[in-house]
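Take a look at the structure below.
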Amino acid sequence: MALANGTSTIAIDRGEQKLRTLIDPFHRAITYLRVSVTDRCDFRCVYCMAEHMTFLPKREILSLEELDRLCSAFVAKGVTKLRLTGGEPLVRRNIMTLVSSLSRHLTSGALKELTLTTNGSQLQKYASELKANGINRINVSLDTLDADKFSAITRWGDLNKVIAGIDAAQAAGLQIKINTVALKGVNEEEIASLLEWAHARGMDLTVIEVMPLGDVDESRIDQYLPVSVVRARLAERYTLEETDYLTGGPARYVRVKETGGRLGFITPLTHNFCESCNRIRITCTGTLYMCLGQNDDADLRSPLRASESDDLLYAAIDEAITRKPKGHDFVIDRHHQRPALPRHMSMTGG
Ligand code: SAM
Ligand code: SF4
């Protein structure tokens with residue numbers, strides 16, 4: 001059915017259910033929702049947050065029931081992959097209530113995947129419960145295996161806890177992908193050993209470029225290491241074989257012949273991944289961002305709270321998707337010292 005502004009929703013057959021799919025003005029099907037369930041975190045990673053952050057007042061934050069309703073509205077509109085993120089999703093109180101209630105969409109078949117991105121600090125506590133609720137794969141962010149460097153990068157984190165969390169997650173049967181942010185002069189010499197470590201444990205590794213989101217205490221120029229440089233250096237040591245492996249996310253993967261493991265690259269700055277973007281993000285206040293790299297947003301909390309029926313919410317979602325832009329315009333160079341966007345990654349989630 002055609003809507004205003006060239007956007008359309010189409011009904012497609014998914015097994016027994018006729019579900020609608022959100023299609024944006026550039027004919028991209030929107031099937032992947034990332035939900036930041038809290039802006040708070042038990043770490044203060046130098047590229048993500050300033051040391052002294054002001055967090056949102058509790059009243060602005062959607063309750064777990066409201067988050068469930070919001071996510072479920074997107075599932076009804078054809079979202080098939082849902083990622084919980086943050087802030088640190090596992091520090092939100094009673095988060096397992098949300099995970100457990102959302103898992104009904106896995107049971108019904110409407111959702112193909114429920115997953116999360118975590119810093120790993122709480123995994124020891126939650127790994128088994130995550131697995132029991134139908135979560136099969138998770139992303140764990142880890143930028144170094146050196147305990148001192150880890151403390152310097154995360155300011156408040158404890159590497160031992162994260163490693164124990166990864167052990168627990170693997171013991172529970174969760175597949176793990178490690179996400180590493182490439183940081184100039186910090187972990188650039190360590191990417192090869194992280195890769196060897198991850199692959200030896202049967203985990204994929206994805207290397208991510210620093211994105212200019214929010215004011216942090218350091219200059220982005222000092223942090224920024226192009227992933228193309230990381231890749232070229234790894235290619236001197238390893239045989240990187242092209243693959244067509246896709247996860248529905250923005251990473252491009254190669255197989256490392258020597259380790260047999262997969263290596264992903266996320267290059268928002270050096271390579272434009274927008275043309276196949278199927279993603280949208282909501283914050284813990286119910287603000288929908290149609291693009292991680294643009295300011296335009298849509299308030300979904302008001303329609304959510306205005307009525308018990310979901311009609312207003314559906315209308316707001318349809319309207320927002322008509323505004324999904326073609327792409328982002330991140331730049332980090334000497335002429336762009338200010339953040340490209342004022343909000344931190346912890347608002348919109350990674
Ligand atoms: N706390 C969880 C974690 O660290 O995995 C989930 C939220 S965190 C914002 C999600 C991902 O975003 C992490 O992998 C983190 O390394 C990454 N990230 C945060 N700030 C970033 C930035 N400015 N540029 C690139 N990646 C960033
Ligand atoms: Fe917290 Fe994740 Fe941001 Fe680090 S990257 S401060 S763990 S939200």
Side-chain angles (χ1 to χ4, degrees), residues 34-53 55-56 83-92 95 115-123 126 137-144 150-159 161-162 165-166 169 176-184 186-187 194 198 204-227 230 249-251 264-270 273 279 281-284 289 292-293 328 330-332 338-350:
R34 301 169 79 119
V35 187
S36 177
V37 298
T38 175
D39 61 333
R40 287 158 201 256
C41 187
D42 51 344
F43 291 4
R44 289 288 181 280
C45 301
V46 291
Y47 49 80
C48 178
M49 293 193 182
E51 182 148 23
H52 302 287
M53 295 284 292
F55 293 109
L56 293 162
R83 177 177 299 279
L84 305 182
T85 176
E88 174 47 42
L90 297 182
V91 301
R92 170 108 195 219
I95 185 65
T115 183
L116 89 163
T117 301
T118 172
N119 66 22
S121 69
Q122 311 297 314
L123 269 180
Y126 289 128
R137 303 190 302 172
I138 58 171
N139 290 354
V140 179
S141 306
L142 181 61
D143 306 321
T144 178
F150 186 84
S151 306
I153 294 171
T154 62
R155 294 194 184 102
W156 297 2
D158 173 357
L159 179 64
K161 251 178 114 177
V162 173
I166 290 173
I176 299 181
K177 177 165 79 70
I178 300 289
N179 280 345
T180 299
V181 176
L183 295 165
K184 187 157 83 183
V186 178
N187 64 359
L194 271 161
D204 292 347
L205 177 84
T206 296
V207 185
I208 306 173
E209 255 164 23
V210 168
M211 291 174 241
L213 295 174
D215 256 325
V216 290
D217 301 328
E218 299 178 8
S219 150
R220 294 288 180 192
I221 289 268
D222 294 343
Q223 299 178 333
Y224 178 54
L225 174 65
V227 160
V230 176
F265 299 101
I266 300 189
T267 59
L269 297 161
T270 49
F273 56 41
R279 294 171 295 286
R281 295 171 159 85
I282 31 181
T283 68
C284 55
Y289 285 99
L292 177 65
H328 69 69
F330 288 134
V331 192
I332 295 183
R338 304 296 304 151
L341 294 173
R343 61 181 192 271
H344 290 87
M345 186 73 115
S346 48
M347 278 289 294
T348 24

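Counting convention: from 1, in listed order, for ligands and their atoms alike.
Ligand-side atoms of ligand 1 in range of Asn119: 2 (C), 3 (C), 4 (O), 5 (O), range being under 4.0 angstrom from any heavy atom. Atoms of ligand 2 lying under 4.0 Å from at least one heavy atom of Phe43, given by number and element, are 6 (S), 7 (S). Which parts of ligand 1 touch Thr85 is read off a 4.0 Å heavy-atom cut-off, strictly below it: atoms 6 (C), 7 (C). Of all the atoms in ligand 1, the ones that sit under 4.0 Å from a non-hydrogen atom of Glu209 are 24 (N), 25 (C). For ligand 1, the atoms sitting less than 4.0 Å from at least one non-hydrogen atom of Cys48 are 19 (C), 20 (N), numbered in the order shown with element in parentheses. Close contacts of ligand 1 with Gly86, meaning ligand atoms under 4.0 Å from a residue heavy atom, involve 7 (C), 9 (C). Listed by number with element, the atoms of ligand 1 under 4.0 Å from a non-hydrogen atom of Thr118 are 2 (C), 3 (C), 5 (O). Below 4.0 Å from some heavy atom of Val181 lie the following atoms of ligand 1, by number and element: 16 (O), 26 (N). Listed by atom number, the atoms of ligand 1 under 4.0 Å from Ser141 heavy atoms are 3 (C), 4 (O), 5 (O), 13 (C), 14 (O).
The shortest N or O to N or O distance between Thr117 and ligand 1 is not under 3.5 Å. An N or O contact shorter than 3.5 Å is missing between Asp143 and ligand 1 by distance. Between Gly87 and ligand 1, an N or O atom pair is found at a separation short of 3.5 Å.
Taking the side chain as every heavy atom from C-beta outward, Lys177 and Arg137 never approach each other to under 4.5 Å. Between Val186 and Asp143, every side-chain heavy-atom pair lies at or beyond the 4.5 Å cut-off. Taking 4.5 Å as the limit, every side-chain heavy atom of Trp156 sits out of range of all side-chain heavy atoms of Asp42. In this structure, Ile153 and Phe43 have side chains that are not in contact, with every pair of non-hydrogen atoms separated by 4.5 Å or more. Residues Thr154 and Val162 are not in side-chain contact: their nearest non-hydrogen atoms beyond the backbone lie 4.5 Å or more apart. The closest side-chain heavy-atom distance from Glu209 to Tyr224 is below 4.5 Å. Within the 4.5 Å cutoff, the side chain of Asp39 has no heavy atoms near those of the Met53 side chain.
Side chain of Thr117 to main chain of Asn139: no donor-acceptor pair is present (N/O by atom type, distance under 3.5 Å, no hydrogens or angles).
Nearest to atom 23 (N) of ligand 1 by heavy-atom distance, out of Glu88, Met211, Met49, is Met211.
For Cys41, every N, O or S atom stays at 2.8 Å or more from atom 3 (Fe) of ligand 2. Taking 2.8 Å as the threshold, Cys45 counts as a candidate ligand of atom 4 (Fe) of ligand 2, since one of its N, O or S atoms lies below it.
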Side chain to side chain donor-acceptor pair (under 3.5 Å) between Glu88 and Thr38, intermediate numbers included: CA-CA 7 Å; Glu88 174 47 42; Thr38 175; over 6 Å; no
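Ligand 2 has Gly87 within reach: a non-hydrogen atom of the residue lies less than 4.0 Å from it.
Applying the side-chain hydrogen bond (donor to acceptor under 3.5 Å, both in side chains) criterion to Thr144, with sequence neighbours excluded, gives Glu190.
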